[in-house]
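So you know, we letter chains A, B, ... as the sequences are listed, proteins then strands, and number each from 1.
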There are 2 protein chains.
Amino acid sequence: MRILQSKSIANQVDEILLERIRGGVYLPGSRIPSESELSDELGVSRATVRTALAKLAANGFILRKQGDGTYVNEHIHETSAHFGNLWDLAELIAGNGYQPSIRFLSMERRPATEKEALVLALEEGEELICLRRLFYADQQAVILADNVIPFSLLCEPIEKIDGKLHIRDIFEQYFHQKISFVLTDIRSTVLEADAHEFLSGESGRAILQLQTIFYEKNNLPLALGVNIFDDSFLHLSLAQAWN
Amino acid sequence: MRILQSKSIANQVDEILLERIRGGVYLPGSRIPSESELSDELGVSRATVRTALAKLAANGFILRKQGDGTYVNEHIHETSAHFGNLWDLAELIAGNGYQPSIRFLSMERRPATEKEALVLALEEGEELICLRRLFYADQQAVILADNVIPFSLLCEPIEKIDGKLHIRDIFEQYFHQKISFVLTDIRSTVLEADAHEFLSGESGRAILQLQTIFYEKNNLPLALGVNIFDDSFLHLSLAQAWN
DNA sequence: TTTGCTTTTATGTCAGACAACTTGCATGAA
DNA sequence: TTCATGCAAGTTGTCTGACATAAAAGCAAA
């Protein structure tokens with residue numbers, strides 16, 4: 001059993017602060033405690049707090065003003081996704097104000113297609129695990145999510161896989177891998193037959209497709225995900241800081 | 001003439017490093033100089049270099065490995081946009097491997113619609129400047145860009161506005177405002193008549209619409225932009241670091 | 001060749017100090 | 001009272017130096 005390195009202190013601070021912003025402890029538009037106060041409260045150095053705040057600022061969660069303070073972005077509630085979690089579908093749904101849930105549809109083993117082999121740096125025909133899941137917003141099916149992962153990466157018996165887990169946790173628990181970064185392609189397409197079976201809306205309407213490649217820290221591709229959803233129901237909005 | 005505060009040192013370092021990555025000085029997958037070397041070379045402290053690197057890492061440009069070094073993301077060339085510049089259409093075109101250019105189509109003054117007034121925090125009927133521009137990839141028209149800005153913010157004679165400038169520079173030069181952050185809504189829609197006049201492709205095909213709201217540092221909305229383009233020609237791909 | 005240890009080098013974290021900037025208050029003049 | 005000026009306090013930005021932690025590189029022994 002491989003040991004996964006624990007998160008860095010700065011990333012833990014980042015998560016704590018993000019949780020407070022999302023949870024309403026720090027309200028939109030309000031000023032959050034100063035760097036010194038946070039470093040005292042959390043028992044870490046000011047440098048570490050600054051590292052965490054820099055990341056939050058880069059992702060548009062907070063605005064920093066020299067000589068004044070750090071403020072929570074007023075428009076947080078208007079954005080459904082953020083740069084750290086464009087591929088986090090549950091958060092995308094939550095960001096739209098719905099209660100997310102996941103329904104496991106199917107899991108199968110099959111050889112990789114030419115395109116999949118190319119993207120995942122495999123030989124054509126190598127075996128893949130195909131995971132098909134459906135994301136719900138409250139009771140409404142909204143996102144059809146397909147993930148393909150090389151079978152050779154699997155560390156645990158395939159029967160143990162819990163199809164309702166977060167993709168990040170699936171990798172940690174069954175593949176002993178950490179996702180280091182992702183590459184997402186956003187496309188406009190139309191609702192076709194196979195997806196129409198699961199998602200509501202008239203066939204032929206314009207929908208969004210998020211095609212995501214997951215990588216681990218050494219640039220090795222871990223998985224390919226294709227997620228489609230109706231953007232008239234679920235909005236994809238992003239905040240970004242400039243400067 | 002208002003003085004625009006010069007950029008912070010960390011942001012200048014950030015720009016220098018980003019330019020080197022884009023310009024191929026630091027090649028994809030390669031290790032860039034250490035923090036100490038950079039701080040020596042650029043004449044700033046290691047803390048400042050770290051601030052710049054933290055931002056680049058948050059935006060997926062680089063990967064940092066403790067005990068090893070800092071590496072340029074190998075897949076930089078596969079991404080057309082980045083979190084710092086989703087609304088930067090010229091860079092989006094350049095990221096797709098084309099030479100971007102801007103054609104100024106029209107500029108007019110008219111009262112704000114109800115929806116525009118709401119988004120821009122204006123009274124309904126207040127005057128707007130409407131800027132319509134067409135972005136080219138090499139010789140091909142690819143993005144139709146509409147921007148509306150409250151007329152009351154204008155500091156210079158309207159005749160002086162150069163419609164070919166970057167939106168950022170338009171704000172700096174004619175409105176004496178700095179864009180602090182932006183909020184972008186990504187939607188899937190179909191190519192309709194008025195846009196079809198400028199963009200190629202059959203009418204009714206699925207295209208992407210980027211709707212962007214620009215804010216200054218005090219959360220005052222500066223402008224509303226609506227950009228539509230055919231994502232079969234121009235890809236919208238984003239990199240994001242996790243952890 | 002392989003394995004295990006040591007050395008080197010890089011990023012991560014810490015502490016303290018000062019600079020640059022903003023805000024609000026107090027003071028004083030009109 | 002009203003307004004302008006200047007001061008003080010607080011916050012983020014930058015600097016310096018040090019040590020902790022982790023990974024790669026080199027070396028030596030099996």
request  = Ignoring backbone atoms, establish whether B/Thr51 has a side-chain N or O less than 4.0 Å from OP1 or OP2 of D/dT14.
outcome  = no
ask   = Looking only at atom types and distance, does a side-chain atom of B/Arg133 sit under 3.5 Å from a main-chain N or O of B/Leu165, one as donor and one as acceptor?
value = yes
query = Between the side chain of A/Arg50 and the main-chain N/O of B/Thr51, is any donor-acceptor distance below 3.5 Å?
reply = no
request  = Would you jot down, in residue-number order, the residues of residues 62-71 of chain B having a non-hydrogen atom under 4.0 Å from DNA chain C?
outcome  = B/Arg64, B/Lys65, B/Gln66, B/Gly67, B/Asp68, B/Gly69, B/Thr70
ask   = Which nucleotide in the list D/dC15, C/dT13, D/dT14 gets nearest to the side chain of A/Arg46?
value = D/dT14
query = Distance under 6.0 Å and angle within 45° of the ring axis: does A/Lys160 meet both against A/Tyr174?
reply = no
inquiry  = So which atom in A/Val72 and which in A/Pro28 form the shortest heavy-atom distance, rounded to 0.1 Å?
reply    = CG1-CA, 3.7 Å
message = Checking the side chain of A/Asn73 only, and the main-chain atoms of A/Gly60 only, is there a donor and an acceptor separated by less than 3.5 Å?
response = yes
query = Does any N or O in the side chain of B/Asp146 come within less than 3.5 Å of the main-chain N or O of B/Val226, such that one atom is a donor and the other an acceptor?
reply = no
ask   = Which parts of residues 34-42 of chain A get close to DNA chain D, meaning a heavy atom less than 4.0 angstrom away?
value = A/Ser34, A/Glu35
ask   = For B/Arg50 and D/dA18, what is the distance between atoms CZ and P respectively, to the nearest whole Å?
value = 18 Å
query = What is the distance, rounded to the nearest whole Å, between atom CG of A/Leu53 and atom C1' of D/dG13?
reply = 13 Å
ask   = Rounded to the Å, how far apart are A/Gln12 CD and C/dC14 P?
value = 11 Å
key: Atom-to-atom span, CG of A/Leu56 to P of D/dT12 - whole angstrom   = 13 Å
request  = Determine the minimum heavy-atom distance between B/Ser237 and A/Asp185, stating which atoms define it.
outcome  = CB-OD1, 2.9 Å
task = Rounded off to whole Å, could you give me the NZ-to-C1' distance for the B/Lys55 and D/dT12 pair?
result = 16 Å
Closest heavy-atom pair and its distance - A/Ile149, A/Ala223 = CG1-CB, 3.9 Å
ask   = B/Ile9 has an atom CD1; how far is it from atom P of C/dC21, in whole Å?
value = 10 Å
inquiry  = Parallel, tilted or perpendicular, judged at 30° and 60°: which one describes the rings of B/His75 and A/Tyr215?
reply    = tilted
